[in-house]
Protein chains: 2
Amino acid sequence: MPETDAGPGRRTPLTRERVLRGAIAVADGSGIDALTMRSLADELGVKPMALYHHVANKQEILDGIIDAVFAEIELPPPGTDWRTALRRRALSARRVLRRHPWAAPLMESRTAPGAATLRQHDAVLGTLRRAGFSVPTAAHAYSLLDSYVYGFALQEAALPFAPETAADTGRALLARFPSERYPHLAEMVTEHALRPGYDYGDEFEFGLDLILDGLQRLLR
Amino acid sequence: MPETDAGPGRRTPLTRERVLRGAIAVADGSGIDALTMRSLADELGVKPMALYHHVANKQEILDGIIDAVFAEIELPPPGTDWRTALRRRALSARRVLRRHPWAAPLMESRTAPGAATLRQHDAVLGTLRRAGFSVPTAAHAYSLLDSYVYGFALQEAALPFAPETAADTGRALLARFPSERYPHLAEMVTEHALRPGYDYGDEFEFGLDLILDGLQRLLR
DNA sequence: ACCTGAACACCGTTCAAGT
DNA sequence: ACCTGAACACCGTTCAAGT
């Protein structure tokens with residue numbers, strides 16, 4: 001809601017910071033498609049054109065909020081063994097990407113990585129190098145870890161198995177398609193995904209640990 | 001001009017098929033943002049409103065082309081051992097997603113999976129179950145494999161390390177940010193990514209094989 | 001049955017002007 | 001220095017009509 005304080009000088013002035021924070025709020029609340037220069041201006045209690053004094057264009061807003069999301073991800077804690085450190089960072093990244101489901105798909109369009117993004121990359125690569133991974137192997141390891149984290153976030157954002165509606169969606173799927181045609185899918189849905197307490201999000205740690213096991217093996 | 005007779009200059013009638021094929025052509029050629037009802041109509045030599053006779057709205061087009069992309073992915077060949085079969089399917093998926101870089105990020109918005117999508121899921125799950133994986137483990141395995149494939153596709157579409165421009169982008173990165181601030185990133189770029197012949201795409205098989213190794217270990 | 005023109009309510013962005 | 005109104009060239013989609 002726009003601040004309706006009387007007195008022209010009392011309004012918090014717009015800043016790049018506030019523009020980006022507002023953009024994240026709109027995207028979190030109403031989805032990335034609902035983030036328009038106009039809706040963002042409304043959110044900030046301002047006219048659309050005011051935004052252009054703090055940001056060159058919409059693309060810069062998108063780049064900015066992607067980097068802000070990266071800044072929310074915990075850096076691998078230094079002074080911890082590499083496996084624990086990278087595990088923590090991966091869990092943090094996944095938590096952050098679940099909070100901002102629009103972020104992972106948006107990364108496709110990011111052209112220039114921001115400072116927080118570069119800092120993340122540097123910290124993860126540093127952790128791997130100090131653990132004894134060679135430069136090429138560190139490249140492999142980083143690519144693998146981050147592909148998994150982003151891909152999982154993508155699936156979590158997309159999959160019809162959203163925590164609360166999983167049962168309904170699963171049943172709707174089964175209703176639309178005869179289970180004879182997709183027997184293994186039907187088995188998975190009825191015997192696994194529809195079970196009370198099932199949460200797709202729980203799959204994350206399985207894959208993460210399998211990957212970390214595999215990387216650890218490379219060091220010996 | 002009554003041109004109702006079958007003549008040489010007659011337009012092929014619009015079909016849902018042709019609409020989707022045209023949409024993929026526009027997205028491949030000019031990017032997903034350039035795919036509008038109007039640009040698609042132009043591509044098909046028709047007025048925008050004609051599209052609505054074959055497709056309910058733009059969202060249906062997006063759902064349709066995502067499913068068409070899934071249809072391009074090779075199913076795991078039956079009668080082959082599970083590891084070879086899933087490896088082939090993953091390589092095929094990755095090839096398809098590189099051909100259509102707009103596809104992976106778009107999957108976030110897909111609401112109702114199409115027939116080709118369900119068929120893929122069923123075939124992969126079937127391969128895993130026949131290999132001896134339990135239902136919960138098959139769920140783990142599938143989540144891990146596909147997260148990796150989609151995440152890799154996402155990174156490949158996003159990363160500034162595009163094959164041809166890798167060197168330029170890498171150097172531009174180094175120029176914008178002092179290498180003292182991101183020493184490990186600088187090391188990676190200069191000693192690895194900028195080397196002639198480096199192709200980020202080559203990282204794919206490393207991660208894939210590590211994952212398959214880990215899954216194989218679960219069977220013993 | 002299939003296609004279209006005109007119109008509506010939206011977009012991002014520019015320009016010139018207001019305080 | 002910061003904000004805005006009006007305007008432009010675009011969107012997706014509806015409606016009523018054309019062949």
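Throughout, a chain's letter reflects where its sequence line sits, starting with A, and its residues are numbered from 1.
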Can you name the residues that form a ring-ring contact (aromatic ring centres under 6.0 Å, His included) with [X], not counting sequence neighbours?
X	value
H192(A)	Y198(A)
F206(A)	H140(B)
Y150(A)	none
F70(B)	none

Between H54(A) and dC3(D), is there a contact of a side-chain N or O with OP1 or OP2 at under 4.0 Å? yes
In whole angstroms, the gap separating P of dC2(C) from CG of L14(B) amounts to 10 Å
Atom CG of D42(B) and atom C1' of dT4(C) are separated, to the nearest Å, by 14 Å
The side-chain hydrogen bond (donor to acceptor under 3.5 Å, both in side chains) partners of R94(B) (sequence neighbours excluded) come to E156(B)
Across all chains, not counting sequence neighbours, the side-chain hydrogen bond (donor to acceptor under 3.5 Å, both in side chains) partners of R88(B) are E74(B)
Sorted by chain and residue number, the salt bridge (Lys or Arg N to Asp or Glu O under 4.0 Å) partners of R195(A) (sequence neighbours excluded) come out as none
Side-chain-base donor-acceptor pair under 3.5 Å for H53(B) and dC3(C):
yes
message: Can you tell me if R99(B) has over 12 outside heavy atoms packed within less than 6.0 Å of its CZ?
response: yes
Readout for nucleotides 8-13 of chain D: B = base within 4.0 Å of protein heavy atom, S = sugar-phosphate only, - = neither; 5' to 3' it is ---BBB
Here DNA chain D, pairs taken as Watson-Crick or G-U under 3.5 Å and shown with ( ), [ ] when crossing and | when to another strand, reads ||.|||||...|||||.||
